[in-house]
Structure formats: C-alpha cells, structure tokens
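In listed order, ligands and their atoms are each counted from 1. Quick caveat: nothing in here was measured; it's all calculated off a predicted structure.
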Amino acid sequence: MPINAHPDYLMAEKEHLLAQTLEDKIKTLEKMISVAPKHKGAENLRAQLRLKLKKLKEKLSKSKKIGKSSKQGIKKQDLQAVIIGETNTGKSSLIKILTNAKPEIADYPFTTKSPIIGMMNYVGTNIQLIENPAIESEYYDKGLTNTADTLIIIITNLKQIEKIQADLQNTKAKKIVIFNNKENLSPNELRKISATLQSKKYDFTIINLKNVEEIKKSLNELKEKIFKSFNKIRVYTKEPGKTKTDKPIILEPDSTVKEVAEKIFHGFSDKIKETRITGPSSKFPNQKVGLQHKLKDLDIVEFRIK
Ligand SMILES: Nc1nc2c(ncn2[C@@H]2O[C@H](COP(=O)(O)OP(=O)(O)OP(=O)(O)O)[C@@H](O)[C@H]2O)c(=O)[nH]1
Ligand SMILES: [Mg+2]
C-alpha cells in the first residue's frame, strides 16, 4: 500500500480489483492514476501504474484487431447461440424468456453493456445463449458473433436486417431472424414483412415479446427452431428392462450405433451382444440392427451386453 494514500485512491484501487472486463480495468486504472499520491515517495508506484495501463491498452487493441472476445469468463459450450441486434430491440427480453438469465431490461438505449449468458434447456439438451450488447455500440463483441454456432438476429423493422447482414462477413453461423413486433403492427403489415423475409429465404419467426400469453404458446416452437439450427441429432440410450435416459447424447447427423457405443462404453464396444432401436430410424419398435446402422434424431438405442 502506498504511503499516505488518499481514501479516493484506495476506493479506485478496490474498483480496479473488482473490474471484470478489460475495458473496465483500463477505466478504473486511469482513475487510480489520477488520484495516486503526487509526492516523490510515490514515484515508483506511479510508474508501475502507468506501465500496467500501457500493457492493458495493448492487450485491448490486440484483442480488437483479431476480433477475439476481450470479455473474460465465457466458456463456449457445444451448442451456442448468440443474440445480436440493435439497441432496444428486445435482446434482453428474449434471453430472459428463454433461459435462467436475469438481465436488466429497460427502455433507455444500451442497457446491456457486457455479454449476458444464459442456459436454455430443451428436452434434456443444454444450449448456451448469449446476448451480445447492441451491435451499433462500443460494447458489442464482434469475436462472440464470429465464433457462434448460431446467430439469433432480432429486429423490429426490416431496415435493420440489411445493416446487420453487412456486418456478418466473417461468420459461418446459421442464422435465425426474430421479428419482434414492438409496434403492434396490423396483420396486413405483418403479412408483408413475413412475405419479404420469406422471399429472402430467412429462417424467421414473428413474435411480440411483451405479449406473455402469445409467447408461452410459441416458446417451444422457438426452442425447437434454435435446436434445429445446430444440425445435430439427439439419441437416447436405454438399458434392457429400464426406461430411456433423460439426457440425450448429442451427435452429428448420420452418426452410427458404433459412435454411440464408443461414447458410452469408451472402447469396450466389443462387449455388445445385440443392439435394438426404437424410433425414427427403425422400421418397427425394437428392431435389431448392426453397429453401422445410421441413427436419426430422437432414436432410442438399447444395448445388450455379453
Ligand atoms: N411494447 C413492446 N415493448 C417491448 C417489446 N420487447 C421489448 N420491449 C421493451 O423494449 C425495451 C428494451 O428491451 P430490452 O429487452 O432491454 O432490449 P435490448 O435489445 O436488450 O436493449 P439494450 O440492451 O439496451 O441494447 C424494454 O423497455 C422492453 O420492455 C415488445 O415486444 N413490445
Ligand atoms: Mg439488453
């Protein structure tokens, strides 16, 4: 601790230690420097702080250049969708409805200043949803958008989609467009919007995030749309005489029985005596199949062991 440090300095130091993002670390460090003791005995301290600031700034500009996320603590999950859109379009309202996240929702612009992370459960599958701060703001995290598996683009008018598309050159993510009908447009206007989005071949849906009753009805459909965008299949396993597991195994389309076996028996799949399938890939329930049998979404696989 520096000699004769002013309480303002100690406060600034505390804020700096608690800062979560690189941006906040820089801001709080600048504050620390401005209130640091000015006397000669603290010269060393001031030099150290300035050096630290320089390093943080370099780190920030580097992370911006490579478009990597400068925000810490986001561990990308297997199935990740990132919500993007202009300010006040309802990004936080959407993540609140779909996940366990509790974001601040307000009618002033740029309420969300750092990414909000939520977990959405869809029939036993965990999907990570992230609200990226408003695309036109300094808080927007381009790296997050570029690495997402799926982008949920939320708009309240058609002009927004053109602008956002122009910003999405570096992503291979699947896109889902959500038109949030904030203005309560007439059925006729909505038909036109729907026709336009259809003609541009968007995978889209129109909702009104304020209308709770309506949302409840379409929630499952929306979750299904998000799950489908990842292009994965869910396969349940089952032991003989028992019911199927609650949590499906997530696989690439056309995965084989052998791949499931490897996942659950870890190299001991030669112990399998017989495999039976019930579901979309079977001709009839409990069909006996070989290890090369290709699976479909929602199949149930039963392994009998030697
Ligand atoms: N009337 C109406 N208001 C809505 C609708 N969806 C969101 N709002 C309101 O619009 C405001 C902004 O919603 P948010 O969910 O915070 O929007 P956001 O996109 O997260 O905004 P920022 O984080 O500030 O960029 C809030 O006051 C919401 O209650 C809607 O469908 N209809
Ligand atoms: Mg928000």
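- Counting backbone and side-chain atoms alike, Ser92 contributes an N/O/S atom closer than 2.8 Å to the Mg ion (ligand 2).
- The aromatic rings of Tyr122 and Phe227 lie tilted to each other, with the angle between the two planes from 30° to 60°.
- Residue contacts with ligand 1 for Ala106 involve N, CA, C or O but no side-chain atom from C-beta outward (heavy atoms, distance under 4.0 Å).
- Near Ala134, meaning under 4.0 Å from one of its heavy atoms, ligand 1 places the atoms 25 (O).
- The pair Glu224-Lys228 meets the salt-bridge criterion, with a side-chain N (NZ, NE, NH1 or NH2) lying under 4.0 Å from an Asp/Glu carboxylate O.
- Residue Glu131: an N/O/S atom is found under 2.8 Å from the Mg ion (ligand 2).
- Residue contacts with ligand 1: Glu131 is included, with a non-hydrogen atom under 4.0 Å away.
- At a heavy-atom cutoff of 4.0 Å, ligand 1 is contacted by the side chain of Asn180 but not by its backbone.
- Each of the following atoms of ligand 1 lies closer than 4.0 Å to a heavy atom of Phe110: 24 (O).
- Remark: the Tyr202 side chain and the Thr196 side chain contain no N/O donor-acceptor pair separated by less than 3.5 Å.
- Here the straight-line distance linking atom CD1 of Ile277 with atom CG of Asp299 works out to 5.5 Å at 0.5 Å rounding.
- The distance from the CG atom of Leu56 to the CG atom of Leu51 is 10.0 Å, given to the nearest 0.5 Å.
- For ligand 1, the atoms closer than 4.0 angstrom to any heavy atom of Ser93 are 7 (C), 13 (O), 14 (P), 15 (O).
- Under 2.8 Å from the Mg ion (ligand 2) lies an N/O/S atom of Thr112, whether from backbone or side chain.
- Contact between Gly85 and ligand 1 is absent, with no heavy atom of the residue lying under 4.0 Å from the ligand.
- Within ligand 1, counting atoms from 1 as listed, the ones closer than 4.0 Å to a heavy atom of Ser92 are 15 (O), 16 (O), 18 (P), 20 (O).
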